[in-house]
Amino acid sequence: MRMVDLILKKRNGGELNEEEIRFVVEGFTNESIPDYQMSALSMAIYFNGMTEKETAALTMEMVKSGDVIDLSNIEGKKVDKHSTGGVGDKISLIVAPLVASIGIPVAKMSGRGLGHTGGTIDKLESFPGFNVELTEEQFTKQVNDIKMSIIGQTGNLTPADKRLYALRDVTATVDSIPLIASSIMSKKIAAGADSIVLDVKTGSGAFMKSFDDAKALAEEMVAIGKNVGRQTVAVITDMDQPLGFEVGNANEVKEAIEVLSGKDVEDLKTIALTIAGHMAVLGGFYPTFDEAYADLEKRIADGHALEVFRQFVAAQGGDASLVDDLSKLPQAKYETTFVAKQAGYVESIIADEVGVAAMLLGAGRATKDDQLDFAAGITLEKKVGDRVEEGDVIAVLRANIEDMSSALERMDHAYTIGEAKPEARPLIHAVIQ
């Protein structure tokens, strides 16, 4: 078998079989297939796509290229979630304890963030002493004891995907639906989940800006799940403005705790309950989504989910007293306000621009070696549809750097104020099962 023949086959619109895909992934992983040939194949896939069978085969070969986490010692059906990312996305911090509160095990591995803000485990490190590196025995015991743990990615998961993603990043082949779908699903499958709920974002702060692209990606990932024997549901959720009112690390933790304490932040609560509801159905706890949603909403109201979150923080070495005294979370030295330059309605917020502003304050990483400032972040005082008068405070910026002019400039690009109140966008665009 020769790589040049497989490139030619794909270039001409042919379908690669499992044996051919195995040859490609194994050869690329052990470096017997050079980058330039893999780049050519990636471009052929970019233009000609892949069939469901090809994408499923590529996914499973990337899973087999490295470690596969064995969660068999954890009792119950393990249901994982994945978000395609966005600005102010603290949904995992709400969903995990919510699902765990009904007894479904949440054994989650998360990566660190690169860009706007930290990832889920970065945010959790806002708790002094929080340990994201548990042994396999500690991880298993904790999930069996309190039904949840969130740790950093361990072992050598999907090395083929890591190599391929780095190559796609420099060859203009990142935005290929089958390659994105197989990349995401290979990591979730390697992490050992029985079932997967995918939170696919769409809008200005999402990787998939248009609904059609988000739907295509969601359908592709659900098809992979079906083809490899994993129950998979994708929920397409709105990311046309930041989620909630907080963007940063410690302040996103604070807002997640507030929602778990019963605060009605509509977009966060609705999306979290929707994701958690589908996880609970896949976990076999409820027969229907509507029953799951209603009961999980009660578990926020009665404090069950917050108690699980408190136990989770303590179990991983974090200072759980911060859950009950949010003023003890990291605080910034300086703050400044971003104000409305005219009266009207907030017409739109470009979520990506708010994210970049937060990164400039220190809440995110421009490179993987950058250090996060957990206290840096932005509180949005006005969101899409809100009425503002000239001089009204639209957002509060906080940082441990005094000069926030660059971030304020980004905020100016982010907000558009118009004369007419815009129509509200749906929070849940579609569910793909």
Side-chain angles (χ1 to χ4, degrees), residues 63 66-83 90-112 119-125 127 129-158 185 187-199 225 230-233 253 256-257 260 272 275-286 292 295-296 299-300 303-320 323:
V63 170
D67 298 339
V68 177
I69 305 301
D70 181 6
L71 300 180
S72 60
N73 288 327
I74 293 174
E75 301 151 9
K77 190 173 182 181
K78 280 71 71 178
V79 186
D80 202 354
K81 76 161 283 276
H82 174 80
S83 169
K90 69 279 292 181
I91 295 293
S92 287
L93 298 175
I94 303 166
V95 163
L98 190 49
V99 173
S101 74
I102 58 173
I104 293 177
V106 180
K108 186 164 179 56
M109 290 187 184
S110 292
R112 294 194 180 276
T120 299
I121 61 168
D122 292 308
K123 290 166 188 171
L124 287 167
E125 287 180 331
F127 290 97
F130 192 92
N131 180 17
V132 300
E133 296 178 0
L134 303 184
T135 66
E136 187 178 333
E137 292 74 22
Q138 289 172 324
F139 183 60
T140 299
K141 184 179 186 305
Q142 182 174 316
V143 178
N144 281 332
D145 287 348
I146 66 169
K147 298 303 177 186
M148 77 168 285
S149 178
I150 302 175
I151 59 172
Q153 288 178 351
T154 58
N156 185 33
L157 294 185
T158 62
M185 290 298 285
K187 290 191 279 284
K188 289 289 106 181
I189 292 164
D194 298 315
S195 303
I196 303 161
V197 176
L198 301 158
D199 181 0
R230 299 295 195 285
Q231 282 185 292
T232 307
V233 172
V253 168
I257 292 169
L260 288 169
I275 300 296
H278 285 291
M279 290 175 73
V281 172
L282 290 184
F285 200 84
Y286 301 98
D295 193 49
L296 289 166
R299 286 178 178 269
I300 291 178
H304 271 78
L306 183 65
E307 177 54 29
V308 172
F309 187 80
R310 191 183 289 111
Q311 291 173 10
F312 153 67
V313 172
Q316 290 189 219
D319 183 354
V323 175

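Of the residues listed (Lys108, Glu133, Met109), the one engaging Ile151 in a side-chain contact (heavy atoms from CB on, under 4.5 Å) is Met109, and it is the only one.
Nearest heavy atoms, Val95 versus Lys81: CG1-CD, 4.0 Å. The nearest pair of heavy atoms linking Thr120 to Ser110 is CB-OG, 4.0 Å. The minimum heavy-atom distance between Ala314 and Ala320, with the atom names listed, is CB-CB, 4.0 Å. Nearest heavy atoms, Ser92 versus Pro97: O-CD, 4.1 Å. For the pair Ala272 and Ile91, the tightest heavy-atom approach, listed with the atom from each and the gap, is N-CD1, 4.0 Å. Taking all atoms of both residues into account, the shortest heavy-atom contact from Arg230 to Thr232 is O-OG1, 3.0 Å.
Once rounded to the nearest 0.5 Å, the distance linking CG of Asp80 with CD1 of Ile196 reads 7.0 Å. From Phe285, atom CZ reaches atom CG of Asp295 across 7.0 Å, with rounding to the nearest 0.5 Å. To the nearest 0.5 Å, atom CG of residue Asn131 and atom CD of residue Glu125 are 9.0 Å apart. Atoms CG and CD1, from Asp194 and Ile104 in turn, are 11.0 Å apart once rounded to the nearest 0.5 Å. Here the OG1-CG distance, from Thr140 to Asp145, works out to 10.5 Å after rounding to the nearest 0.5 Å. Note that CE of Met279 is 12.0 Å distant from NZ of Lys77, once rounded to the nearest 0.5 Å.
Under the 4.5 Å side-chain criterion, counting only non-hydrogen atoms from C-beta, Leu98 is in contact with Ile300. Looking at Val106 and Val143, their side chains never come closer than 4.5 Å, going by heavy atoms from C-beta outward. By the 4.5 Å heavy-atom criterion applied to side chains, Leu71 and Phe139 are counted as neighbours. Within the 4.5 Å cutoff, the side chain of Phe312 has heavy atoms near those of the Leu124 side chain.
Of the N and O atoms on the side chains of Gln311 and Glu307, at least one donor lies less than 3.5 Å from an acceptor on the other residue.
A donor-acceptor pair is defined here as one N or O able to donate and one able to accept, closer than 3.5 Å; such a pair exists between the side chain of Asp67 and the backbone of Asn156. Put simply, the side chain of Arg299 gets close to the backbone of Ser101: a donor and an acceptor are under 3.5 Å apart. Panel note: side chain Asp319, backbone Gly129; no donor-acceptor pair is recorded below 3.5 Å. Without hydrogens or angle criteria, Gln316 side chain to Gln142 main chain gives no donor-acceptor distance under 3.5 Å.
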TODO: With side chain to side chain contact (heavy atoms under 4.5 Å, CB included) as the test, would you mind laying out the steps for Val79 and Gln231 before giving the verdict?
DONE: CA-CA 9 Å; Val79 186; Gln231 282 185 292; over 6 Å; no
Open item on the list: Does Val308 form a side chain to side chain contact (heavy atoms under 4.5 Å, CB included) with Ile146? I'd like the steps, not just the answer.
Closed with: CA-CA 7 Å; Val308 172; Ile146 66 169; 5.6 Å; no
- [ ] Decide side chain to side chain contact (heavy atoms under 4.5 Å, CB included) for Val233 and Leu282; before the verdict, give the C-alpha distance in whole Å, the side-chain angles of both, and the deciding distance to 0.1 Å.
- [x] CA-CA 9 Å; Val233 172; Leu282 290 184; 4.1 Å; yes
TODO: For Ile275 and Ile94, run side chain to side chain contact (heavy atoms under 4.5 Å, CB included): C-alpha distance rounded to whole Å, both residues' side-chain angles, the deciding distance at 0.1 Å, then the answer.
DONE: CA-CA 10 Å; Ile275 300 296; Ile94 303 166; over 6 Å; no
